[in-house]
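In what follows, every chain begins at residue 1, and chains take the letters A, B, ... in the order their sequences are listed.
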2 protein chains.
Amino acid sequence: MNNPLSDKDCAELFKALADEIRLKILHSLYDSEKCVTDLMDELQLAQSHVSHHLKTLKVAGLIQSRRDGHKMCYSLSPDVKTNLSKTRKESLDLGCCEVKFK
Amino acid sequence: MNNPLSDKDCAELFKALADEIRLKILHSLYDSEKCVTDLMDELQLAQSHVSHHLKTLKVAGLIQSRRDGHKMCYSLSPDVKTNLSKTRKESLDLGCCEVKFK
DNA sequence: GATTTCCATCAAAGAATCTTGATTCTTTGA
DNA sequence: TCAAAGAATCAAGATTCTTTGATGGAAATC
């Protein structure tokens, strides 16, 4: 996940981020691991609705899952939580976040 | 553009970035100001096609335009080119770029 | 004023995405 | 083995986005 991506692949990642609900899920997982039921309660959404968004995030490589009994626990991918430790370059200031092109 | 945005507004910005052509346009404008015809030639796309994407980027606040004769010149918004000068926090590593939540 | 260049907008078709309810699958515990 | 809990997948309708061709408008040149 650290090699430079094509514009096409990059666009795919932005698509995964381009949804209010998925951003809320990422914020929630930033705090701690959650199962589908936790997220249903927190976001007040139907089970299948949450599952679909989780799949989108997982396919994009943004989150990972592990089974715990009959619960599936979701958390941010390791790559997503790594610290920034490189020289500073030009960046896109998006208000809520900064996008820094390599 | 520097105040924190809601997840909804943030998702809107990611939507603007979630397209291969629009990323190519941003990369092109990162180098220098361009008019629609320049981008048509560069990307090999129909004029209305380019105009539509430019509008999406402009509505999102990512680019700006100015008229020069009968050409419309597009360039990155000032905010987009500002340097990062804050303490480092956790970030999303997207390969082609890093997204750093404030 | 007429023509040309450059571009925005309109209209429409097709593709992709979002959302919901129903069904199916996996795991656990009785 | 059966029932129940938790979650993935399927199917379908609604909405949004992408892309194209056609039309029209603003600025420059003749």
Can you run down the salt bridge (Lys or Arg N to Asp or Glu O under 4.0 Å) pairs that involve residues 33-47 of chain B, sequence neighbours left out, and say none if there aren't any?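 Pairs touching residues 33-47 of chain B that pass the test: B/Glu33-B/Arg66, B/Lys34-B/Glu42.
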Sequence neighbours left out, what pairs pass salt bridge (Lys or Arg N to Asp or Glu O under 4.0 Å) with at least one residue falling in residues 16-29 of chain B?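 Every pair satisfying salt bridge (Lys or Arg N to Asp or Glu O under 4.0 Å) with a residue in residues 16-29 of chain B: A/Asp7-B/Lys24, B/Glu20-B/Lys24.
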Of the nucleotides C/dA8, D/dA8, C/dC18, which one has an atom closest to the side chain of A/Tyr74?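 Closest of the options to the side chain of A/Tyr74: D/dA8.
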Which whole-number value in Å describes the distance from [X] [atom1] to [N] [atom2]?
X: A/Lys8; N: C/dA16; atom1: NZ; atom2: P; result: 11 Å
X: A/Arg66; N: D/dA7; atom1: CZ; atom2: P; result: 12 Å
X: B/Lys34; N: C/dC7; atom1: NZ; atom2: C1'; result: 18 Å
X: A/Leu57; N: D/dA8; atom1: CG; atom2: P; result: 12 Å
X: A/Lys24; N: C/dC18; atom1: NZ; atom2: P; result: 15 Å
X: A/His53; N: C/dT17; atom1: NE2; atom2: C1'; result: 10 Å
X: A/Met40; N: D/dA8; atom1: CE; atom2: P; result: 11 Å
X: A/Lys15; N: C/dC18; atom1: NZ; atom2: P; result: 10 Å

Dump the intermediate steps for side-chain contact (heavy atoms from CB on, under 4.5 Å) on B/Leu62 and B/Leu76, then the final yes or no. CA-CA 6 Å; B/Leu62 296 169; B/Leu76 293 187; over 6 Å; no
Can you list the residues that meet the ring pair (Phe, Tyr, Trp, His ring centres under 6.0 Å) rule with B/His70, with sequence neighbours excluded?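 Listed in chain order: nothing, the list is empty.
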Tell me every residue that passes ring pair (Phe, Tyr, Trp, His ring centres under 6.0 Å) with B/His52, counting only those two or more places apart in sequence or in another chain.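 B/His52: no ring pair (Phe, Tyr, Trp, His ring centres under 6.0 Å) contacts found.
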At under 4.0 Å between heavy atoms, which parts of nucleotides 21-30 of chain C does protein reach? Answer with one letter per nucleotide, 5' to 3': B base, S sugar-phosphate only, - none. BB----BS--
Heavy atoms only, 4.0 Å cut-off, all strands: where does B/Ser51 land among base, sugar-phosphate and nothing?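 It contacts base atoms.
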Please work out if B/Ile21 contacts a base, only the sugar-phosphate, or nothing of the nucleic acid, heavy-atom cut-off 4.0 Å.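 Touches sugar-phosphate only.
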Kindly write out the residues that satisfy side chain to side chain donor-acceptor pair (under 3.5 Å) with B/Lys15, not counting sequence neighbours, or none if the list is empty.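 So B/Lys15 forms a side chain to side chain donor-acceptor pair (under 3.5 Å) with B/Glu12.
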Which residues satisfy the side chain to side chain donor-acceptor pair (under 3.5 Å) test with B/Ser48, sequence neighbours excluded?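 B/Ser48 satisfies side chain to side chain donor-acceptor pair (under 3.5 Å) with no residue once adjacent residues are dropped.
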Does a side-chain N or O of B/Lys55 approach OP1 or OP2 of C/dA8 to a distance below 4.0 Å, or not?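 For C/dA8, OP1/OP2 do not have a side-chain N/O of B/Lys55 under 4.0 Å.
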Tell me which of A/Glu12 and B/Met72 sits closer to the 5' end of DNA chain C, going by the nucleotide each one is nearest to.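 Its nucleotide being nearer the 5' end, the pick is B/Met72.
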Donor-acceptor side-chain pairing of A/Thr37 and A/Lys71 below 3.5 angstrom: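 Looking only at side-chain atoms, A/Lys71 and A/Thr37 do not form any donor-acceptor pair under 3.5 Å.
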A/Lys55: side chain to side chain contact (heavy atoms under 4.5 Å, CB included) partners, not counting sequence neighbours: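 Partners of A/Lys55 by the side chain to side chain contact (heavy atoms under 4.5 Å, CB included) criterion, ordered by chain and then number, come out as A/Val59.
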In dot-bracket form, 5' to 3', how is DNA chain C paired? Count Watson-Crick and G-U wobble pairs only if both distances fall under 3.5 Å, and write | where the partner sits on another strand. ||||||||||||||||||||||||||||||
